[in-house]
2 protein chains.
Amino acid sequence: MKRPLYEVKAEFFRNLGHPARIRVLELLSQRDHAVHELLAEIPIEPSNLSHQLGVLRRAGLVQQTRRDGQVYYSVSAPEIRDLLLAARAILSDVVSDQIDLRSELRGDWLASS
Amino acid sequence: MKRPLYEVKAEFFRNLGHPARIRVLELLSQRDHAVHELLAEIPIEPSNLSHQLGVLRRAGLVQQTRRDGQVYYSVSAPEIRDLLLAARAILSDVVSDQIDLRSELRGDWLASS
DNA sequence: TTAACACTTGAACAAGTATTCAAGTTATAG
DNA sequence: CTATAACTTGAATACTTGTTCAAGTGTTAA
């Protein structure tokens, strides 16, 4: 209860500022996933993913539960989906030139949007 | 036209991940400001602010125009306001504990929200 | 038990970002 | 002209984050 709001906000956005973390949030906003399922979609090392999940966890954006010897993650606020959509709107408006739209056209939207 | 979308998104969020840049966007989403006006609201060195404005400019989030020997900045997409509001919603939901609400209660919302 | 799978952790190093300083530009006022 | 206000730039350094590696925990399956 001591930090000014704009600092908390900045940190919040920094927490989203990593490709793997974005993909995790997008996958999780479809449905809960176990870590090995995330690993199947996101091409990074387990240990690296685990670190990135740690960032999201400490930020309060996702939650962990153990079930059947696997660790499942879920988003902790449904509004996260809205935020990602809002970002998407700005991106298509403002920085559309830099985006690779091929993935979109191939239909693997869910993995790469 | 080469980078995958989730990387562009991550970079986009990283561009928002700095207290001064957040404050700039919030001030600018109220109205255009000259740099010295921003400086009056945001307590950092001119040169530092200029660097941060450069980041926002290169990200395509703000635009520069020179008028009466002053440099005015404006947001380049109105959706930015929506995004900041969406972030606000998640923050109050998910990380409310870490926020300093005093500024809110003092009415300097516009400078620090 | 032991092995294998599914993860997490900490430490070390690499890579990226922020801040400061000194110098430079542009425009207006004296 | 010369000075001053309003900015910007680049380079140096300090700081923060990301990635990898090696080791460790918990759980199920032989």
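Below, all heavy atoms of this structure are taken into account, side chains as well, without hydrogens, waters or symmetry copies. Within every chain, numbering begins at 1; the chains are lettered A, B, ... in the order of the sequence lines, protein sequences first and strands thereafter.
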Exercise. Checking side chain to side chain contact (heavy atoms under 4.5 Å, CB included) for the pair Gln52(A)/Val24(A): CA distance, chi angles, key distance, verdict?
Worked result: CA-CA 9 Å; Gln52(A) 305 314 326; Val24(A) 166; 5.9 Å; no

For this session: Decide yes or no on salt bridge (charged side-chain N to carboxylate O under 4.0 Å, His left out) for Glu26(A) and Arg21(A), but give the supporting numbers first.
Result: CA-CA 9 Å; Glu26(A) 285 175 336; Arg21(A) 294 196 297 260; over 6 Å; no

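Along DNA chain D, the nucleotide nearest Gly17(A) and the nucleotide nearest Arg67(A) are compared for position; the residue whose nucleotide lies closer to the 5' end is Gly17(A). Residue order along DNA chain C, read from the 5' end via each residue's closest nucleotide, puts His36(A) first among Gln52(B) and His36(A). In this structure, Asp68(A) and Val35(B) both approach DNA chain D, and ranking their closest nucleotides by distance from the 5' end singles out Val35(B). Mapping Arg14(A) and Asn48(A) onto DNA chain C by nearest heavy atom places Asn48(A) at the nucleotide closer to the 5' end.
Residue Arg21(B) is in sugar-phosphate contact alone, with no base atom involved, counting any heavy-atom pair closer than 4.0 Å across all strands shown.
Between Asn15(B) and Leu56(B), the closest heavy-atom pair is O-CD2, 4.1 Å.
Taking atom CZ of Arg58(A) as the reference point, atom P of dT8(C) lies 11 Å away to the nearest angstrom. Nucleotide dG16(C) holds its C1' atom 12 Å from the CD atom of Glu11(B), rounded to whole Å. Atom-to-atom, CD of Gln64(A) to P of dA6(C) comes out at 16 Å; the value is rounded to the nearest Å. Protein atom CG of Leu39(A) is 9 Å distant from nucleotide atom P of dT8(C), rounded to whole Å. Atom P of nucleotide dG16(C) and atom CZ of Phe13(B) are separated by 21 Å, given to the nearest angstrom. With rounding to whole Å, Leu53(B) atom CG is found 6 Å from dT8(D) atom P. When the P atom of dT16(D) is taken as reference, atom CG of Asn15(A) falls 15 Å away, rounded to whole Å. One atom, CD1 of Ile44(A), and another, P of dT19(D), lie 7 Å apart when rounded to the nearest Å.
For Ser47(A) against dC7(C), no side-chain N or O and base N or O form a donor-acceptor pair under 3.5 Å. In the interface, the side chain of His51(A) is not paired with the base of dT17(D) through any donor and acceptor atom under 3.5 Å apart.
Although no hydrogens or angles enter the test, the distance criterion places no donor-acceptor pair under 3.5 Å between the side chain of Ser74(A) and the main chain of Asp32(A). Checked by atom type and distance alone, the side chain of Glu7(A) never pairs as donor or acceptor with a backbone atom of Pro4(A) at under 3.5 Å.
Contact annotation: Tyr73(A) side-chain N/O to dA6(C) OP1/OP2 distance is not under 4.0 Å. OP1 and OP2 of dA6(C) both lie 4.0 Å or more from every side-chain N or O belonging to Arg66(A).
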